[in-house]
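Worksheet: the structure to be examined is printed underneath.
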There are 2 protein chains.
Amino acid sequence: MSKKIKIKDIAEELKISVTTVSFVINGKAKEKNISQAVTKKILDLVQEWGYQPNSLAKSLRTGKSKIIGFLVDDISEPFFSRIARLIDEKASEHGYKILFSSTRNNTEKAKELLQIFRDRHVDGYVIALPEGLESEIEKLIKTEAPVVLFDRYVQGMETDYVLTDNSKIVFEATQHLIDNGYKNIGFVTIETEQQQMLDRLSGYEQAVGSNKQTSLIKKIKYKNSDNMIKEMIDFFKTEEQLDAVIFAANYICMDGLRTFKEMNIKPFDDLAVISFDDFELLEFYSPPITAIAQPINDIAENIMKTLLSRLNNESDKSQKKQIVLPATLNIRSSSLRKT
Amino acid sequence: MSKKIKIKDIAEELKISVTTVSFVINGKAKEKNISQAVTKKILDLVQEWGYQPNSLAKSLRTGKSKIIGFLVDDISEPFFSRIARLIDEKASEHGYKILFSSTRNNTEKAKELLQIFRDRHVDGYVIALPEGLESEIEKLIKTEAPVVLFDRYVQGMETDYVLTDNSKIVFEATQHLIDNGYKNIGFVTIETEQQQMLDRLSGYEQAVGSNKQTSLIKKIKYKNSDNMIKEMIDFFKTEEQLDAVIFAANYICMDGLRTFKEMNIKPFDDLAVISFDDFELLEFYSPPITAIAQPINDIAENIMKTLLSRLNNESDKSQKKQIVLPATLNIRSSSLRKT
DNA sequence: CTGAAAGCGCTTACAG
DNA sequence: CTGAAAGCGCTTACAG
């Protein structure tokens, strides 16, 4: 293996100073008035030897690590892993890499991770805010490092974030059911303070309310699948009049479908169904299930646009960017009008 | 925000040398015969001030970054993102973090990424080998940094790896179909040199061969979904005698299901089906589809066990660890015997 | 038992 | 136009 080449080696070989080499490598040849001849000589040798600056030393000196910390509940959730991929692509284009970790709904762990990220001098953060971490994040935001939140937010928190317009699209989804003649629409969500979940709920409530229908809400304490299913069976048994149901998130819908299996409920025939979050399964289910699709590409793009402009100091720091993106309702058979 | 504390600050406050502070912080108090009193004084102040060593400086000095590079085709593929989560968990327990990137089937990009990882001095690598990167990886392996491959491998390559026993489980799956009376079993795979795909194919061929059945293999050049579907339609139309089919991977099965939709083929009724890789959709499909499940937990565990033992120099470097784990056949309705 | 000092590989203010 | 040197914050061989 070729021994690691240092800037000093280049300088010595060419009998010039490391300063000059450093300037040229960092593209400051023009600015620093380095002669064409010297510049070329350096670049050629760099090429020939395949010199790569030691990024650790660079980071230590400049205080920039070119690393972005990505913090979510669980990287294996499709929504998060897709965002991860897209963000990584964009980041790579700009010389950044992503350090990720999953908090697994554990506040203590999340705090630790934040500490580790800080300790490793990540240049910026992309975070789906876990519950209970609000004050830590507030502290973090006061730091120099830019922070972009997504998916979750806290009302009144002054920071950059990128969200889906949860309340609006759930309003539309509910209205779609109402328009198709459904009169007893249930809404299954979890017991939580997470603002995005509350927004989804409020979209439902507004639609139901403005149509003078009764709201039928089931809030389940999220522990595990078994518990979710038990609670849902209970809900579906109690509320016999139900003719439609909206599941407020991916994992809730999954457990909803498990419940259907258990209770032998057939979407559309027995109950109209809409899922928040679209995933492949819904398309292939029989009948195919109507779903709200979050604009994953747009979300990732806006996260990175915001973050990069912060990292490059292109935007006014005191002016926070708060972006709310529209979602789409993918209408399939499960929510059609009964004829 | 509190100014970042350095080791020097601690030393000055306590009127001792940084050497002593460094020894204590790194748990070498005993070894270096630092007095109890001094040790306690230091530890208390570290606690009080919340001192965290600058990991960049530490890395530069020691040459260890405590970062593991994770390289896969696409982090958003469920198989990979699940492995990512599990690996991150284990790594975190040992003070390591994961830097990830997706190669997106782009050899050039993969090479770049490897270079970046090297440049960032990652301590170890976990890689699902992309095609065309064999020689790069060989080079990497000769380096000091430990490399653990998973999912993919190259025959004859001397390295640590963790694999699923592809050929055996596909043999079993094929045999299962044969035992259930199927006589014209097709196998849909992609045109590739990837060893794990060839192993799956060979499992099929052995089973079919040893039962004196004819092999019906469709190798599709992987470009995109549309192309896959087109080719599959072609295959299913040509091979009319087909009474069962095995899809050699997750994404092939997805396109297979799309093809079924297009052609109005119903699994089991029209064609017995088995998928390599189990995912939620298959369980909910009607009828539920039999699938080969890779032992994700075991894979992740073995990757990290191997990697950590290398990182700690606990195992003989010349002795490579090659682990092959058994998979499971989850039998569902799509492959049952026709009565 | 403890400390002064070199060095990891860079960048950059300063000097000429 | 170019260079000598300080310094980022650590660790550790060496000295006492």
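To find a chain, count down the sequence lines: A is the first, B the second, and so on, and within it residues start at 1.
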### Task
Please determine, by modelled atom types, if A:Ser309 and A:Ser315 share a side-chain donor-acceptor pair under 3.5 angstrom.
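Yes, a side-chain donor-acceptor pair sits under 3.5 Å.
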### Query
Going by distance alone, is a donor N or O of one side chain under 3.5 Å from an acceptor N or O of the other, for B:Lys97 and A:Ser101?
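There is such a pair between these side chains.
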### Message
Could you tell me how far apart A:Ile5 (CD1) and C:dG9 (P) are, to the nearest whole angstrom?
### Response
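Answer to the nearest Å: 12 Å.
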### Task
Would you mind reading off the distance between A:Ile34 atom CD1 and C:dT12 atom P, rounded to a whole angstrom?
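So the CD1-P distance, A:Ile34 to C:dT12, works out to 13 Å.
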### Query
Quick one, which residues of residues 7-18 of chain B touch DNA chain D with a heavy atom under 4.0 Å?
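Correct list: B:Ile7.
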### Range-with-range stems for DNA chain D, at least three Watson-Crick or G-U pairs under 3.5 Å
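Stem segments, range with range: C:1-3 with D:14-16, C:5-12 with D:5-12, C:14-16 with D:1-3.
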### Message
Could you check whether A:Lys28 makes a cation-pi contact with A:Phe23, meaning its NZ or CZ is under 6.0 Å from the centre of the six-membered ring and within 45° of the ring axis?
### Response
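Here A:Lys28 fails the 6.0 Å and 45° test against A:Phe23.
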### Task
Answer with base, sugar-phosphate or nothing: what part of the nucleic acid does A:Ser22 contact at a heavy-atom distance below 4.0 Å?
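The residue A:Ser22 makes base contact.
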#### Entry: Within residues 49-64 of chain B: residues closer than 4.0 Å to DNA chain C (heavy atoms)
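Contacting residues: B:Leu60, B:Arg61.
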### Under 4.0 angstrom between B:Thr19 side-chain N/O and C:dA4 OP1 or OP2
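For C:dA4, neither OP1 nor OP2 has a side-chain N or O of B:Thr19 closer than 4.0 Å.
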### Task
Report yes if a side-chain nitrogen or oxygen of B:Lys28 is closer than 4.0 Å to either non-bridging phosphate oxygen (OP1 or OP2) of D:dT12; otherwise report no.
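For D:dT12, OP1/OP2 do have a side-chain N/O of B:Lys28 under 4.0 Å.
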### Message
If we ignore hydrogens and angles and just use 3.5 Å, is the side chain of B:Gln322 paired with the main-chain N or O of B:Thr159 as donor and acceptor?
### Response
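Yes, the answer is positive, given that a donor and an acceptor are paired below the 3.5 Å cut-off.
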### Task
Over 60° means perpendicular and under 30° means parallel, so classify the ring planes of B:Phe150 and B:Phe80, tilted if in between.
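Taking B:Phe150 first and then B:Phe80, their aromatic rings stand perpendicular (interplane angle over 60°).
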### Message
For A:Phe100 and B:Phe100, I'd like to know if the aromatic rings sit close, meaning centre-to-centre distance below 6.0 Å.
### Response
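Yes, they do, as the ring centres are separated by less than 6.0 Å.
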### A:Lys64 atom NZ: more than 12 heavy-atom contacts under 6.0 Å
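Incorrect, the count does not exceed 12.
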#### Entry: Inter-nucleotide C1' distance (D:dT2, C:dT11), Å rounded
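Per the computed distance, 16 Å lies between those C1' atoms.
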